[in-house]
Amino acid sequence: ALFFENKRLEHEGIENEKLLALVKLAKGIVHELRTPITGIVGFAGIVKKNYPNEKMIKEYMEVIIMESERIDNMAVDLIEYAESEKFEIRKARLNVSSMIMSALDKLKMEIEGNGIKVVNEIDKDIYVEGDRQKIVKVFTYILKNSIEACKKKEPFIKITAIENNVKVILSIRDNGT
């Protein structure tokens with residue numbers, strides 16, 4: 001039995017080394033991705049600033065900046081995940097309305113700056129089990145996508161949730177493209 005146990009531990013050690021090498025590779029790739037993104041955001045900002053009357057250039061630069069920042073945020077998330085000793089989910093009973101409000105608070109300047117009307121129709125008594133930080137991050141990303149899509153007159157985002165015995169169905173709708 002000792003022979004088989006040693007072989008199993010040896011195999012696990014090799015697998016851990018492979019995993020560590022993969023994490024190191026991923027961190028390197030992410031670092032390399034972030035370098036050009038910083039340049040893209042910087043140069044797009046310069047063009048946007050120097051040609052403020054060129055409506056199309058300004059709009060294109062906004063898209064370049066937003067999408068580059070989105071890639072950068074994903075890269076940061078990958079780095080944080082790779083650097084964490086283990087992927088940990090802190091499960092707790094969470095209020096959905098409270099988490100949506102936290103995400104909306106993070107995006108308040110963008111919402112107000114774009115004149116977006118937010119209709120939040122979530123019942124204050126709806127709860128889910130999960131990791132608050134991760135769920136708020138997901139809500140923030142989804143709401144940010146809605147904000148970016150709202151380019152029409154009278155832009156709005158409507159948030160609703162339906163609860164049944166085993167699940168909560170959350171809807172975030174916008175009138176964007």
Side-chain angles (χ1 to χ4, degrees), residues 30 33-34 36-49 51-81 84 87-177:
V30 168
L33 273 173
R34 291 188 76 201
I37 291 169
T38 302
I40 291 168
V41 170
F43 285 116
I46 290 168
V47 171
K48 183 178 161 187
K49 181 180 176 183
Y51 300 95
N53 297 328
E54 302 290 331
K55 186 178 181 197
M56 290 304 293
I57 290 176
K58 187 175 179 179
E59 287 178 18
Y60 291 151
M61 292 302 117
E62 268 305 314
V63 171
I64 290 169
I65 290 168
M66 284 189 306
E67 292 303 309
S68 297
E69 288 173 346
R70 200 167 102 189
I71 292 169
D72 189 52
N73 288 334
M74 286 187 266
V76 168
D77 289 345
L78 283 171
I79 288 172
E80 288 174 358
Y81 175 72
S84 67
F87 187 70
E88 187 178 323
I89 296 179
R90 294 172 210 91
K91 279 184 116 180
R93 187 169 188 258
L94 307 167
N95 182 282
V96 175
S97 179
S98 169
M99 290 186 293
I100 285 290
M101 291 308 296
S102 292
L104 288 169
D105 285 344
K106 290 179 181 186
L107 300 167
K108 184 176 182 170
M109 299 270 295
E110 288 182 65
I111 291 168
E112 290 175 357
N114 287 298
I116 298 171
K117 179 182 177 185
V118 176
V119 179
N120 184 356
E121 296 181 348
I122 295 181
D123 183 351
K124 305 250 186 278
D125 294 324
I126 296 179
Y127 290 85
V128 295
E129 292 281 323
D131 184 317
R132 180 178 176 80
Q133 183 178 358
K134 288 177 177 48
I135 293 173
V136 170
K137 185 178 273 192
V138 169
F139 288 171
T140 303
Y141 285 147
I142 294 169
L143 286 164
K144 185 151 179 69
N145 284 339
S146 286
I147 291 167
E148 292 169 4
C150 286
K151 302 292 181 198
K152 294 183 176 184
K153 260 187 184 177
E154 301 180 25
F156 75 87
I157 297 172
K158 183 175 181 180
I159 308 163
T160 59
I162 301 168
E163 181 180 33
N164 68 21
N165 295 337
V166 293
K167 62 185 170 185
V168 173
I169 300 170
L170 180 73
S171 170
I172 299 176
R173 290 186 16 222
D174 61 67
N175 65 340
T177 54

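Model, not experiment: these values are computed from the prediction. Side chains are part of it too, since the values below use all heavy atoms of this structure and drop only hydrogens, waters and symmetry mates.
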- Item | From CA spacing to verdict: side chain to side chain contact (heavy atoms under 4.5 Å, CB included), Val128, Met99 | CA-CA 10 Å; Val128 295; Met99 290 186 293; 3.9 Å; yes
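- Here the straight-line distance linking atom CD1 of Ile172 with atom CG of Leu170 works out to 4.5 Å at 0.5 Å rounding.
- Atom OH in Tyr127 sits 5.5 Å away from atom CZ in Arg93 (nearest 0.5 Å).
- Taking CD1 of Ile111 as the reference point, atom CG of Leu143 lies at 6.5 Å (rounded to 0.5 Å).
- Looking at heavy atoms from C-beta onward, Asp131 lies out of side-chain contact with Ile135 at the 4.5 angstrom threshold.
- For Asn120, the side-chain contact (heavy atoms from CB on, under 4.5 Å) partners two or more places apart in sequence, or in a different chain, are Ile100, Met101, Leu104, Ile122, Ile159.
- With sequence neighbours left out, the salt bridge (Lys or Arg N to Asp or Glu O under 4.0 Å) criterion links Glu121 to Lys158.
- Within the 4.5 Å cutoff, side-chain heavy atoms of Pro155 are placed close to those of Asn175.
- The number of heavy atoms from other shown groups lying within 6.0 Å of CD (Glu154) does not exceed 12.
- Between the CD1 atom in Ile116 and the OG atom in Ser146 there is a gap of 8.5 Å [rounded to 0.5 Å].
- Sorted by first and then second residue, the side chain to side chain donor-acceptor pair (under 3.5 Å) pairs involving residues 104-119 (not counting sequence neighbours) are Glu110-Lys144.
- Scanning for side-chain contact (heavy atoms from CB on, under 4.5 Å) contacts around Asn164 gives Val166, Lys167, with sequence neighbours left out.
- With rounding to the nearest 0.5 angstrom, the CZ atom of Phe156 is 6.0 Å from the CZ atom of Arg173.
- In terms of the side chain to side chain donor-acceptor pair (under 3.5 Å) criterion, residue partners of Ser98 (sequence neighbours excluded) are, by chain and number, Arg132.
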- Task: Determine, stepwise, if the pair Asp123 / Glu163 fulfils side chain to side chain contact (heavy atoms under 4.5 Å, CB included).
- Result: CA-CA 9 Å; Asp123 183 351; Glu163 181 180 33; over 6 Å; no
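- Distance CD1/Ile157 to CD1/Ile147: 5.0 Å, rounded to 0.5 Å.
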